[in-house]
Amino acid sequence: MTTTFYDHWRDVPDDTWRWPNFSPAEIACRGTGKLLVNEPALDKLQALRDRLGKPLIVRSAYRSPEHNRAVGGATRSKHMDGAAFDIAMSNHDPVVFEAAARAVGFLGFGFYPRSGFIHADLGPARQWGERFPIRVTSFAEDAPPAREVLGDSRTMKGGGAAGVATLGAAGVEVAQSVLAETQSAVLPLVPYLDTLRWVFIAVALIGIAVTIYARLDDWHRGQR
């Protein structure tokens, strides 16, 4: 077994630390800052991290004998050998975690569902504690924000109505110009064109209002 002891984790030379997802401070004794680098154990911890593909929150790793006594640890605790890790289950399925830990070579397991962590060590093979309750569902997957179908978009409908109405109002202007040139034939229709133009303008304003409302509502619902 390759082990190296440091009076404080800050004494670890940078070029000797080869476990990229963990720092000396995470592995050091929480009570004294002392650190026993147990390379085979850290290799398995890194292999477990790689296999799971997500962070491991280390609640406890190496414990100095004095700190182990202070926290009521077992007299022959594997933590004092730097060969045990207590890992939080807040971001893991305990069943998946245990299977992965066994696959990379951990042999000893302690289950602490009330405290929310699993103890894993290099052995001998044994286990204690009550397993975590089976979760009915796994962690919910991240869902992208809902997007409206373009044809059903309120913004598009409002904008479309405003556009059509604007074109209609403009068309009335053109029609008036044309009719002015042939007013002798269609003079009785001219008064109604003013009314029609205002109808189109009103529809355009309503369309613009619907567009603004839809965008504000989307913003409130996080669909920008």
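FYI, side chains are in, hydrogens and waters are out, and symmetry mates aren't considered; it's all heavy atoms of this structure.
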Residue pair [X] / [Y], side-chain heavy-atom distance below 4.5 Å:
{"X": "Pro55", "Y": "Asn91", "value": "yes"}
{"X": "Leu56", "Y": "Leu48", "value": "yes"}
{"X": "Phe22", "Y": "Arg49", "value": "yes"}
{"X": "Phe132", "Y": "Met89", "value": "yes"}
{"X": "Leu35", "Y": "Ile27", "value": "yes"}
{"X": "Pro94", "Y": "Arg131", "value": "no"}

Review point. Does atom CZ of Arg18 have more than 12 heavy-atom neighbours from other groups under 6.0 Å away?
Key: yes
Review point. Does CZ belonging to Arg126 count more than 12 external heavy atoms closer than 6.0 Å?
Key: yes
Please give me the minimum heavy-atom distance between [X] and [Y], naming the atom from each residue.
{"X": "Tyr6", "Y": "Pro13", "answer": "OH-CD, 3.7 Å"}
{"X": "Asn68", "Y": "Ala74", "answer": "ND2-O, 2.9 Å"}
{"X": "Phe5", "Y": "Lys34", "answer": "CZ-CD, 3.9 Å"}
{"X": "Gly82", "Y": "Leu36", "answer": "N-CD2, 4.1 Å"}
{"X": "Glu130", "Y": "Pro113", "answer": "O-CD, 3.1 Å"}

State the [atom1]-[atom2] distance between [X] and [Y], to the nearest 0.5 angstrom.
{"X": "Thr32", "Y": "Asp7", "atom1": "OG1", "atom2": "CG", "result": "9.5 Å"}
{"X": "Asp50", "Y": "Leu45", "atom1": "CG", "atom2": "CG", "result": "9.5 Å"}
{"X": "Asn38", "Y": "Asp43", "atom1": "CG", "atom2": "CG", "result": "9.0 Å"}
{"X": "Ser90", "Y": "Phe117", "atom1": "OG", "atom2": "CZ", "result": "12.5 Å"}
{"X": "Tyr62", "Y": "Thr3", "atom1": "OH", "atom2": "OG1", "result": "10.0 Å"}
{"X": "Glu66", "Y": "Met80", "atom1": "CD", "atom2": "CE", "result": "10.5 Å"}

Exercise for review: Carefully, step by step, assess Thr16 and Val37 under the rule side chain to side chain contact (heavy atoms under 4.5 Å, CB included).
Suggested key: CA-CA 10 Å; Thr16 64; Val37 176; over 6 Å; no
Exercise for review: Give the intermediate values and the outcome of side chain to side chain donor-acceptor pair (under 3.5 Å) for residues His79 and Asp121.
Suggested key: CA-CA 8 Å; His79 285 285; Asp121 64 45; over 6 Å; no
Main-chain N/O of [Y] paired to [X] side chain as donor or acceptor, under 3.5 Å:
{"X": "Arg59", "Y": "Ser115", "answer": "yes"}
{"X": "Glu98", "Y": "Val95", "answer": "no"}
{"X": "Ser77", "Y": "Gly73", "answer": "no"}

**Study point:** Worked check of side chain to side chain contact (heavy atoms under 4.5 Å, CB included) between Lys44 and Phe106
**Key:** CA-CA 7 Å; Lys44 286 182 171 52; Phe106 285 102; 3.8 Å; yes
Practice item. Could you walk me through whether His92 and Lys54 pass the side chain to side chain contact (heavy atoms under 4.5 Å, CB included) test, one step at a time? Key: CA-CA 8 Å; His92 289 279; Lys54 60 173 66 173; 3.0 Å; yes
If hydrophobic clusters are built by linking Ile, Leu, Val, Met, Phe, Trp and Tyr wherever their side-chain heavy atoms come under 4.5 Å apart, do [X] and [Y] end up in the same one?
{"X": "Leu42", "Y": "Ile118", "value": "yes"}
{"X": "Val104", "Y": "Phe85", "value": "yes"}
{"X": "Leu107", "Y": "Phe111", "value": "no"}

Practice item. Would you please classify the geometry between the Trp17 ring and the Trp19 ring as parallel, tilted or perpendicular, with 30° and 60° separating the classes? Key: perpendicular
Practice item. Classify the angle between the aromatic ring planes of Trp128 and Tyr112 as parallel (below 30°), tilted (30 to 60°) or perpendicular (above 60°). Key: perpendicular
Review point. Less than 4.0 Å between a side-chain N and a carboxylate O, is that true for Asp86 and Arg63?
Key: yes
